Amino acid sequence: MAQSANNNGAKSPLNDKHLWVKILLGLVLGIGVGLALSPEAGALLPPDLTNEVGAWIELPGVLFLGLLKMVVVPLVICSIIVGIADSGELGFVKAIGSRIILYFVLTSTVAIIIGMSLTYAIQPGAGMPTEFVDQAMAQQAEKMPSQTLEGLSIPQRIANVIPTNPAKAQLEKNMLQIVIAALLVGLALLTLPKAAAKPVLALCQSGQAVAMKIIEWAMVIAPYAVFGLMAKVVIDLGFDAVTTVALYMATVLGGLLIMFFVYLGLAKFVGGVPVWTFLKGIREAQIIAFSSSSSAATIPVSMKCAEENLGIPKRIAGFTIPLGATINMDGTALYQAVAAIFLTQVFGVDLSFSEMALLLVTTVGASIGTPGIPGIGIVVLATILSGIGVPAEGIALILGVDRILDMCRTTINITGDITATVVMNKLV
Ligand code: ASP
């Protein structure tokens, strides 16, 4: 076994008891400075200077995310390979693999049902004046996401899961393909004679340790990074959009909060981790996810939190967290369910029971293929909407507030991944 990434005795930034306080302070100060500089709120500076100052303030955040993204692909590959090959038995992989997939599908379904029920109960889209809808759509139309999902058929999508060109998968950061390739290599190593598997395993153990060391260094600038990212997000936010769809936002946030309590319950009653220990253990990962809006970029920090703060063995966290960040997005699924039903209410589309079931199945499926990057949930939403007869242009209505909701759903996405890890630690 390679030496642990964390030299005993050496002070790790994540062992710094005050790191989370500093990161939280960065978050609060970032919001404050962002508000002061925002053209719509404080406007302390002329607009062109605001952009320039904003880019400088954001710089530590960009550097920090750059470091995380730099190590995320090798870290995911090495962790999955080590997690499987080091487990020593095929039975363990089968047990964890089958349970976690079932668990992911179940929690996504729960998230979607919470989202749908809440939206039907609150009715945020009912009674919106048509002139307002037209006006909002006209204002936001030019900002519509240009990115769309390539129109692949379902068999093509399934075939696409195999990285026929692994180098291309890494170049394009196609996490699902990378995870599949790493799973296969890990399984192959597990079935090879020990002597044949040893060199590749040792290389991956060392690669994992190197990646974790770089993350440890990156964490030193995490408070400044969070400050910069938050300030920039707030500077760029449009506040008028918030007031017009406030009830819709409240529905999404309410749903995410309920999901958060579901996780706390699962972690405590199934995973056996007390609520406070769980919250304390995951807070750095949550703040990084909130300020970066990317569960993929947060993978290294989530893994560190799970292993070092919650004491989950590497062979479990190294497998479940990258897999979860890639295919388990309960926050995104819940948000998509709320957004879809909200738009049916705005456009007066009545969904039959079978259409609701279709929405549920499509959203669970979509959350598996959605990459953990900023703003992608709304792009995938367009595909979901076309399946239930809602005009995709309706997205313009909720585009203005998407960044705020993205930050919150990403936080829930990674909380779900760490909860899954805690639960699997007990169940496998
Ligand atoms: N930003 C989300 C994530 O990385 C995905 C999304 O909902 O847009 O988890």
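Being a predicted model, the structure only gives us computed values, none of them experimental. One-based numbering, in listed order, for ligands and for the atoms of each.
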Student: Under the 3.5 angstrom rule, does the side chain of Glu355 hit a backbone N or O of Ser352 as a donor-acceptor pair?
Tutor: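 Yes: the side chain of Glu355 pairs with the backbone of Ser352.
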Student: Considering the heavy atoms of Ile376, write down every atom of ligand 1 situated less than 4.0 Å from one of them.
Tutor: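 In order of numbering, the contacting atoms are 5 (C), 6 (C), 8 (O).
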Student: With heavy atoms of Gly375 as the reference, note each atom of ligand 1 found under 4.0 Å away.
Tutor: 8 (O)
Student: Below 4.0 angstrom from a heavy atom of Gly372, which ligand 1 atoms are there? Numbered from 1 as shown, please.
Tutor: 3 (C), 4 (O)
Student: Could you say whether the N/O atoms of Met329 and ligand 1 ever approach to under 3.5 Å?
Tutor: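 No, since none of the N or O atoms of Met329 sits under 3.5 Å from an N or O of ligand 1.
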Student: Starting from atom 5 (C) of ligand 1, what is the nearest protein heavy atom, named by residue and atom, and what distance separates them?
Tutor: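 Nearest neighbour among protein heavy atoms for atom 5 (C) of ligand 1, to 0.1 Å: Ile373 O, 3.5 Å.
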Student: For ligand 1, which atoms, with element, lie under 4.0 Å from some heavy atom of Ser293?
Tutor: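 What qualifies from ligand 1 is 1 (N), 4 (O).
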Student: Kindly say whether Lys304 contributes a backbone atom to a donor-acceptor pair with the side chain of Glu284 at under 3.5 angstrom?
Tutor: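 No.
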Student: Can you find an N or O of Gly377 that's nearer than 3.5 Å to an N or O of ligand 1?
Tutor: yes
Student: Purely on distance, is any nitrogen or oxygen of Ala296 under 3.5 Å from one on ligand 1?
Tutor: no
Student: For Gln177 and Asn160: C-alpha separation, side-chain torsions, deciding distance, then whether side-chain contact (heavy atoms from CB on, under 4.5 Å) applies.
Tutor: CA-CA 8 Å; Gln177 289 191 344; Asn160 224 9; 4.0 Å; yes
Student: Nearest heavy atom to atom 3 (C) of ligand 1: which of Gly416, Ser295, Ala325 does it belong to?
Tutor: Ser295
Student: Please state which protein non-hydrogen atom is closest to atom 1 (N) of ligand 1 and give its distance, to 0.1 Å?
Tutor: Asp406 OD1, 2.7 Å
Student: Should one rank Val379, Thr410, Val380 by closest heavy-atom distance to atom 2 (C) of ligand 1, which comes out on top?
Tutor: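 Shortest heavy-atom distance from atom 2 (C) of ligand 1: Thr410.
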Student: Walk me through whether Arg283 and Ile23 qualify under side-chain contact (heavy atoms from CB on, under 4.5 Å).
Tutor: CA-CA 9 Å; Arg283 57 196 168 195; Ile23 297 181; over 6 Å; no
Student: Without swapping roles, check the side chain of Asp406 against the backbone of Gly375 for a donor-acceptor pair under 3.5 Å.
Tutor: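 Yes: the side chain of Asp406 pairs with the backbone of Gly375.
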Student: Looking only at distances, can you tell me whether any N or O atom of Arg409, backbone or side chain, sits closer than 3.5 Å to an N or O atom of ligand 1?
Tutor: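 It does: an N or O of Arg409 is found under 3.5 Å from an N or O of ligand 1.
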Student: Okay, side chain of Ser206, backbone of Leu203: is any donor-acceptor separation there less than 3.5 Å?
Tutor: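 Checked: no pair found.
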Student: Are there more than 12 heavy atoms of other residues, nucleotides or ligands under 6.0 Å from atom OH of Tyr224?
Tutor: no
Student: Are Ile341 and Leu359 packed together at the side-chain level, in the sense that at least one heavy-atom pair is separated by less than 4.5 angstrom?
Tutor: yes
Student: If only atom types and distance count, is the side chain of Arg403 paired as donor or acceptor with the main-chain N or O of Val233 below 3.5 Å?
Tutor: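 Here the side-chain-to-backbone pair does not exist.
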Student: List every atom of ligand 1 that sits less than 4.0 Å from any heavy atom of Thr332, numbering the atoms from 1 in the order shown and giving each element.
Tutor: 5 (C), 6 (C), 7 (O)
Student: For ligand 1, which atoms have a heavy atom of Ser294 less than 4.0 angstrom away?
Tutor: 4 (O)
